[in-house]
Amino acid sequence: MAKSVDEFNKKRLRSSNITVVISIALVLFLLGLMGLILINAQKYSDYIKEQLVVNAYFDENYDAKDSVKIAKFEEETLKKVQTLAPVKKATYISRAAAAIEAKKSMGIDSDALFEENIFPSSIEIALKPEYVDPAKIDAAIKIIKSVPGVVDVKNDSTLMVDVYNNLSRILKWIFGFSLLFLVLAVVLINNSIRLKIFSKRFIIKTMQLVGAKRRFILKPFIIEAVILGAIGSFIGLAALCGVWYYFTSQIGSSFVQDNQQYFWLILLVLGVGVLITVLSTIIATWRFLKSNVDDLYYS
């Protein structure tokens, strides 16, 4: 009879542990997925911002005999622009290249309509993402204008402001959902742990009544919480990696190439899983350690 009771208790304990691990894995899978989306959304946002360029123009009036001198001067100006704090990338566009681009944009194949050198040479500048902010872009343009040789800087400020505001709005929503999933992770894991500890409330109180210290009672529960949290985190991360690998292979893009960000995300998910599990275990166990025997029947 005693053997059957022990077997029943072991099965119930295994079932409880499996339920907790699955709960942790599912919640952390969703949390990690939101983390991946947030990381890639931020990088994609920065990529789009870098496509919003400003054009710095050189003086178009100069004597043809000074072309070599002017070319050297423009090369030096390009190097100066590339070193400016707001500049992510600077590309030199010669007069000939500007003419070719103008023909393409107007759908013209013939050279008869205008001369090749009517367009000034320029520098196409991609600003760093933080300088695309409407509050900073004017200061960035002023810095570029201060470079000797640059006579004018033009940008589509309306387009930049619209794109920046839309991207910022999207990132705020994604960040908000990520925080929501973090709160849900805490609540759901905490509830799973509380149910598990609740099933052991009589064991906890019995150990306390026979003279066991609170630290001694807490220790095995904390160790078990660390193990369950780690197992649940690894399962959740394995599922996340599998789903993300399948998704990126299907669309043919791996998105963010910075493995360091993925590494920190893995550590975050693992840390959240173990930390919440341990804290929930301590809080739930401490509650029964402080309660009376009679309260165990009504908790």
Side-chain angles (χ1 to χ4, degrees), residues 39-171 253-258 261:
I39 289 173
N40 286 279
Q42 179 64 57
K43 284 295 182 182
Y44 190 63
S45 170
D46 290 346
Y47 170 77
I48 292 177
K49 290 174 184 177
E50 289 170 7
Q51 307 311 304
L52 302 173
V53 298
V54 299
N55 296 96
Y57 292 93
F58 294 105
D59 190 355
E60 59 183 317
N61 299 313
Y62 65 87
D63 196 330
K65 65 181 182 181
D66 295 327
S67 57
V68 175
K69 181 180 178 181
I70 293 298
K72 185 177 180 180
F73 176 71
E74 290 179 352
E75 183 181 351
E76 292 175 353
T77 302
L78 173 64
K79 292 178 179 178
K80 291 178 182 177
V81 170
Q82 289 173 333
T83 61
L84 297 177
V87 176
K88 174 74 175 181
K89 181 182 178 183
T91 305
Y92 177 74
I93 299 176
S94 65
R95 291 191 170 200
I100 293 172
E101 188 64 31
K103 291 175 186 178
K104 287 182 180 179
S105 62
M106 291 186 287
I108 298 174
D109 295 327
S110 174
D111 294 333
L113 293 180
F114 55 80
E115 296 179 2
E116 187 179 79
N117 62 353
I118 63 173
F119 298 98
S121 53
S122 63
I123 302 175
E124 189 177 77
I125 302 169
L127 299 175
K128 292 177 182 177
E130 59 268 26
Y131 285 94
V132 181
D133 186 336
K136 295 181 178 179
I137 191 168
D138 289 339
I141 291 175
K142 188 178 293 185
I143 292 172
I144 296 169
K145 280 184 177 179
S146 67
V147 177
V150 175
V151 297
D152 191 19
V153 178
K154 293 182 180 179
N155 74 299
D156 191 343
S157 58
T158 303
L159 174 62
M160 283 193 170
V161 170
D162 290 342
V163 171
Y164 183 87
N165 290 337
N166 288 333
L167 289 174
S168 297
R169 195 176 298 115
I170 292 170
L171 285 175
S253 173
S254 58
F255 290 94
V256 175
Q257 302 293 328
D258 188 358
Q261 288 189 316

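Note that this is a predicted model, so its numbers are computed, not measured.
Among all heavy-atom pairs drawn from Thr77 and Pro148, the shortest one is OG1-O, 3.3 Å. When all heavy atoms of Tyr57 and Ser122 are compared, the closest pair comes out as CD2-CB, 3.6 Å. Between Tyr131 and Ala85, the shortest heavy-atom contact is CE1-O, 3.8 Å. Contact between Pro86 and Ile143 at its shortest, heavy atoms only, is CG-CD1, 4.0 Å. Looking at every heavy atom in both residues, Lys128 comes nearest to Val87 through CE-O, 3.4 Å.
No donor-acceptor distance shorter than 3.5 angstrom exists from the side chain of Lys88 to the backbone of Pro129, with no hydrogens or angles considered.
Rounding to the nearest 0.5 Å gives a distance of 5.5 Å between CD1 of Ile137 and CG of Leu127. Note: Lys154 NZ to Asn55 CG = 9.0 Å, rounded to the nearest 0.5 Å. To the nearest 0.5 Å, the span separating NZ on Lys79 from CD on Glu75 amounts to 4.5 Å.
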Check your understanding: Which is it for Leu78 and Gln82 under the side chain to side chain contact (heavy atoms under 4.5 Å, CB included) test, yes or no, and what are the steps along the way?
Key -> CA-CA 6 Å; Leu78 173 64; Gln82 289 173 333; 4.0 Å; yes
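Counting heavy atoms from C-beta on, the side chains of Phe58 and Ile123 come closer than 4.5 Å. A heavy-atom distance below 4.5 Å is not found between the side chains of Val147 and Thr83.
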